[in-house]
Structures are given as C-alpha cells and as structure tokens.
Amino acid sequence: MSTLDDLISAQRDFAMARDWEQFHSPKNLAMALGGEVGELCLEIDPLFEAGTDIIELTSVAHTRLRNEVGDVALYLLRLYDVLSLDPAEAFSLALSRTETSESCPISGTPASLAQAVCRLNGSTGLVLEVFQWEESTHTALPSRMAEVELARRLRSVATSLIGLAKVIGVDVLDAASAKLAANEQRYPVDLSRGSSRKYTELQMGSSEDIKPHTLP
C-alpha cells in the first residue's frame, strides 16, 4: 500500500514529466474531480436494478468501481497538493485495508449505499461551488473562501469517498496507486507531454499540434 506522501509525490512527478502542471489549476482539478465522481456514480447506479435487500458485486463490477474510486482519489489528492493543503488527517481512515475482489454482498443495505453516494455527491458539489467563479488559470487558494473552510470541505469529500469505498470493498489508496500505475502506461511521456488529450486520442497527432481541451 502506498503512503499518502509517496502517492502525492509520484503523482506530482507524473504531471511534471508531462508538463501537465499548466492544466492543473485548482478550478480545473475541482471540475475534473466532479466529473470523476459522476463516473463513479454511473458505475454504481446499475447495482440498484436488482431491487433486493442485498447487492452483490461481481469481480468485473468490483474492478470497474475500484478504477473509478482511484480516479476520484487521484484528483482529490492532486487538488490538495496544488493548494498546498495537508490531506493526512482527512485520509487517516483510508489506512486500514478493506479491499476485496471476491464476489460478495456489499457491506450494508441498498439504502446505506445510496446514502454514501449522496454524501460524496453533496460534499463534492460544495467544493465545486468554491471554484465556480474563479479564473481557470488561478493557481492560489480561492479568493472567496478562507483556507480553513476549504480544508473542511475537502476533508468532507475525502471522508465521504472513504466511507463509500468501504461499503463497496475498495481500499482507496491502493486503488489510487493502481490507477496511477495504469496511467503511466496509458500516457507515454513522449506522446503526452504538453497535451491534454485522453490516452485514446494520443496516437491521432503529436503533442506539438494539439490544442489542450480536456484535463488529463
């Protein structure tokens, strides 16, 4: 399991090697965080279709959820890093291993899963609210909110993510570490440097003639 410091440092090096710091303004990262939370929720939605009191995860569903949890955690940690805020307290609950890839009932009822999803969505929305009127190129703490309140809102996202991850049997830090390792393969430095194209688009042109349009 990666420590927080190791993971944040590795992600920082990953971005620097690809000249992605230019895209990683707090506002852009917050928007990307919101998008990844949405993708996670879309993966969870089909789990409610059975209409039973117990939701079971297949190995395939668990892997897909693990990948999305990893994405959310990476963007959240990157936002902490860019804002020079310490995530240690917020992520302290993630240090206990909970992951399983076995087909098994979710830890809790459909209602508890729905509640966990709502908490993550709500806490993420309050972070997005902070940055909605900030300039996209603004690199400092937001002008509309004190640091202590912003840290509280980010901590709420972290604890909500960890709570949801526990329900679906995913270790947050391991998921983030695995996703970062996968991104190393998906985004070769020579193809992705200075480009914000997704890995599925990188073979379509060189980074020199691509105008950034999405956050990596």
Please walk me through it: do V69 and I168 pass side-chain contact (heavy atoms from CB on, under 4.5 Å)?
-> CA-CA 10 Å; V69 167; I168 58 178; 4.0 Å; yes
Go through the steps for V37 and Y75 under the test side-chain contact (heavy atoms from CB on, under 4.5 Å), then give the verdict.
-> CA-CA 10 Å; V37 168; Y75 276 116; over 6 Å; no
Does the pair T3 and D6 meet the rule for a side-chain hydrogen bond (donor to acceptor under 3.5 Å, both in side chains), with working shown?
-> CA-CA 5 Å; T3 66; D6 291 340; 3.0 Å; yes
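No side-chain heavy atom of Y199 sits under 4.5 Å from any side-chain heavy atom of L191. Within the 4.5 Å cutoff, the side chain of L47 has heavy atoms near those of the L57 side chain. S196 has its side chain out of reach of W20: every pair of non-hydrogen atoms, C-beta onward, lies at least 4.5 Å apart. Taking the side chain as every heavy atom from C-beta outward, I44 and L164 approach each other to under 4.5 Å. Using a 4.5 Å cut-off on side-chain heavy atoms (C-beta onward), Y80 and R155 make contact. Looking at heavy atoms from C-beta onward, P110 lies out of side-chain contact with I54 at the 4.5 angstrom threshold.
Using a 4.5 Å cut-off between side-chain heavy atoms of Ile, Leu, Val, Met, Phe, Trp and Tyr, with links allowed through other members, L42 and L113 fall into different hydrophobic clusters. A continuous path of ILVMFWY side-chain contacts below 4.5 Å connects F91 to I8, so both sit in one hydrophobic cluster.
Residue M31 places its CE atom among 12 or fewer non-hydrogen atoms of other residues, nucleotides or ligands, all under 6.0 Å distant.
Looking only at distances, a side-chain donor or acceptor of H62 sits under 3.5 Å from a matching main-chain atom of G169. At distances below 3.5 Å, at least one donor-acceptor pair connects side-chain atoms of T159 with backbone N or O atoms of S156. Between the Q11 side chain and the L74 main chain, a donor and an acceptor come within less than 3.5 Å of each other. For the pair S9 (side chain) and D5 (backbone), a donor-acceptor distance under 3.5 Å is absent. Put simply, the side chain of E201 gets close to the backbone of K198: a donor and an acceptor are under 3.5 Å apart.
The minimum heavy-atom distance linking R193 with A17 is given by the pair NE-O, 3.7 Å. Annotation for A10 and L180: closest pair CB-CD2, 3.8 Å, computed over non-hydrogen atoms. Here the closest non-hydrogen pair linking S192 and P188 is OG-O, 2.7 Å. Closest approach of A175 to V170, counting heavy atoms only: CB-CG1, 3.9 Å. In plain terms, the two heavy atoms of P87 and L4 that are nearest each other are O-CD1, 3.9 Å.
Judged as a side-chain hydrogen bond (donor to acceptor under 3.5 Å, both in side chains), and not counting sequence neighbours, the contacts of E184 are R18. With sequence neighbours left out, the salt bridge (charged side-chain N to carboxylate O under 4.0 Å, His left out) criterion links D81 to R12, R78. In this structure, the side-chain hydrogen bond (donor to acceptor under 3.5 Å, both in side chains) partners of R152, at least two apart in sequence or on a different chain, are E149. Residues passing the side-chain hydrogen bond (donor to acceptor under 3.5 Å, both in side chains) test with D19, sequence neighbours excluded: Q22.
Among residues at least two apart or in separate chains, salt bridge (charged side-chain N to carboxylate O under 4.0 Å, His left out) pairs with a member in residues 37-54 are E43-R64.
D174 and S177 share no side-chain donor-acceptor pair at under 3.5 Å.
In this structure, the separation between CG on L85 and CG on L77 is 12.0 Å, given to the nearest 0.5 Å. Note that CG of L40 is 9.5 Å distant from CG of D71, once rounded to the nearest 0.5 Å. With rounding to the nearest 0.5 angstrom, the CG atom of L83 is 5.0 Å from the CZ atom of F131. Note that the CG atom of N183 and the CZ atom of R186 stand 6.0 Å from one another [nearest 0.5 Å]. One finds the CZ atom of F23 at 12.0 Å from the CG atom of L29 (value rounded to the nearest 0.5 Å).
For the pair K179 and E68, the salt-bridge criterion is not met [side-chain N within less than 4.0 Å of a carboxylate O].
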Give every donor-acceptor pair under 3.5 Å between a side-chain atom in residues 118-127 and any protein atom, sequence neighbours left out.
from: N121; atom 1: ND2; to: V117; atom 2: O; distance (Å): 3.3
from: S123; atom 1: OG; to: R119; atom 2: O; distance (Å): 2.9
from: S123; atom 1: OG; to: L120; atom 2: O; distance (Å): 3.1
from: T124; atom 1: OG1; to: L120; atom 2: O; distance (Å): 2.7

